[in-house]
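Quick notes on the structure that follows.
The sequence lines fix the lettering, A, B, ..., with proteins before strands; numbering per chain opens at 1. This is a predicted model, so every value here is computed, not measured.
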2 protein chains.
Amino acid sequence: MEFKETKEKFIQSWGVLGSSWGINKTMAQIHALLLITPEVLSTEEIMKELHISRGNANMNIRALMDWGIVTKSFKVGERKDFFFADKDIWEVARKITRERSKREIEPVIKILKDLKDVKGNDIEINQFRETVSALEAFTSKLNSVIDKFAKSDEHWFYKKLLKLVK
Amino acid sequence: MEFKETKEKFIQSWGVLGSSWGINKTMAQIHALLLITPEVLSTEEIMKELHISRGNANMNIRALMDWGIVTKSFKVGERKDFFFADKDIWEVARKITRERSKREIEPVIKILKDLKDVKGNDIEINQFRETVSALEAFTSKLNSVIDKFAKSDEHWFYKKLLKLVK
DNA sequence: TAGAACTTTCAGTAATTAATGAAAGCTTAT
DNA sequence: ATAAGCTTTCATTAATTACTGAAAGTTCTA
């Protein structure tokens with residue numbers, strides 16, 4: 001297989017994985033492209049490589065910067081912006097994890113905490129309270145693991161993981 | 001707040017959480033409804049409660065059964081199917097985790113394993129190989145943790161988690 | 001302060017994904 | 001064998017989500 005095809009297959013696959021995890025396809029593809037590119041890339045270059053429009057490129061590059069996994073950089077004598085991705089996969093995983101927890105899990109925990117205070121003694125309400133409490137307990141626990149992960153350094157977590165899987 | 005509203009808010013929130021994790025809204029809502037309902041429900045009842053069509057209800061109930069988190073049951077003297085959800089949240093989490101790993105993570109690992117064998121010595125190809133290897137290592141590790149989790153009983157994993165977070 | 005080089009926005013459009021409901025398919029009872 | 005009661009399918013339609021590209025905005029240079 002040609003390197004060009006290999007590269008395309010990788011970008012493509014990463015896009016598919018992204019969409020099934022709620023990250024939009026183009027965002028995942030731009031990230032994939034930057035991950036495997038040793039130098040920085042301009043918006044133009046990203047547009048050309050992925051055959052996407054300026055607006056689309058701009059929006060998704062910004063989203064990647066918001067997530068903290070892509071950084072803007074400059075070249076002397078050039079006015080254009082250039083971009084590169086953090087190549088440390090653990091760091092990337094930590095940032096994504098943290099960001100998604102903040103956006104998706106934390107608001108749900110907040111709602112669950114409220115809802116489990118519902119008053120009443122019907123069998124229906126009891127079942128409700130029990131389920132919501134169990135979900136809240138689970139989700140909070142999960143979130144605290146995520147938080148720990150997000151703040152950890154690679155070696156600490158890696159050691160722990162090894163123990164866990166052993 | 002009325003119990004009815006509380007219930008609706010819960011179903012609604014669970015639907016939102018579901019969509020951001022690649023599980024379709026209705027599927028998550030039916031699951032939420034069954035989780036908080038002490039008795040079994042028929043397709044009709046689910047349709048009425050969530051204001052959805054017969055086809056939609058049927059498709060998503062089947063998906064929930066495929067995932068192994070909802071079960072069909074019968075009532076003596078009735079021909080209709082009834083459904084209930086497994087109320088054990090840990091068990092549900094295990095099944096979802098396992099299912100998603102199988103559908104989404106494992107195929108990607110397979111592709112990454114192939115791609116990292118790309119031949120060549122350009123700086124570009126070296127960066128590619130390095131990134132893909134790192135992703136593969138990370139994803140495989142993650143998957144083995146998931147697998148361990150999926151096979152574990154609650155107490156084993158809970159104890160491990162406690163240690164991890166401590 | 002004019003205009004070139006570049007970035008951002010956003011209304012309109014396209015693509016994707018989910019939902020509907022009528023029809024076809026089963027199953028059971030007589 | 002048939003019809004009632006129920007489930008499943010799937011072509012059509014609706015809703016959602018993502019993308020485009022032209023125009024407006026910004027920044028830098030001279």
* Asked: Nearest nucleotide by nearest heavy atom, which residue falls closer to the 5' end of DNA chain D, B:Asn56 or B:Thr43?
  ->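 Taking each residue's closest nucleotide, the earlier one in sequence belongs to B:Thr43.
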* Structure fact -> Assert: residue with more 5' nearest nucleotide on DNA chain D, out of B:Met59 and A:Met27, is B:Met59
Where the side chain of [X] is defined as all heavy atoms beyond and including C-beta, which of [options] is the nearest nucleotide?
{"X": "B:Arg79", "options": "D:dT7, C:dT28, D:dA18", "value": "C:dT28"}
{"X": "B:Lys72", "options": "C:dT27, C:dT7, D:dT8", "value": "D:dT8"}
{"X": "B:Ser53", "options": "C:dC6, D:dT7, C:dG21", "value": "C:dG21"}
{"X": "A:Lys80", "options": "C:dA19, D:dT7, C:dC6", "value": "C:dC6"}

* Structure fact -> The residue among A:Thr26, A:Val70, A:Asn60 that forms side chain to side chain contact (heavy atoms under 4.5 Å, CB included) with A:His31 is A:Val70
* Aromatic ring centroids of A:Phe74 and A:Phe82 under 6.0 Å? -> no
* **Whole angstrom value for the distance that separates P of C:dT8 from CD1 of A:Ile46** => 12 Å
* Asked: What is the distance, rounded to the nearest whole Å, between atom CZ of B:Phe83 and atom P of D:dC6?
  ->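 Atom CZ in B:Phe83 sits about 13 Å away from atom P in D:dC6.
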Ignoring backbone atoms, test whether [X] places a side-chain nitrogen or oxygen under 4.0 Å from the OP1 or OP2 oxygen of [N].
{"X": "A:Asn58", "N": "C:dT7", "result": "no"}
{"X": "B:Thr26", "N": "C:dA18", "result": "no"}
{"X": "A:Arg62", "N": "C:dT7", "result": "no"}

* Would you indicate what B:Asn24 reaches in the nucleic acid, counting non-hydrogen atoms under 4.0 angstrom: base, sugar-phosphate, or nothing? => sugar-phosphate
* Asked: Is A:Thr6 close to B:Phe128 at the side-chain level, that is, under 4.5 Å between some pair of heavy atoms?
  ->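 Answer yes - side chains close enough.
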* To do: Kindly confirm or rule out a cation-pi arrangement of B:Arg100 over A:Trp21, judged by NZ or CZ under 6.0 Å from the six-membered ring centre and within 45° of its axis?
  => yes
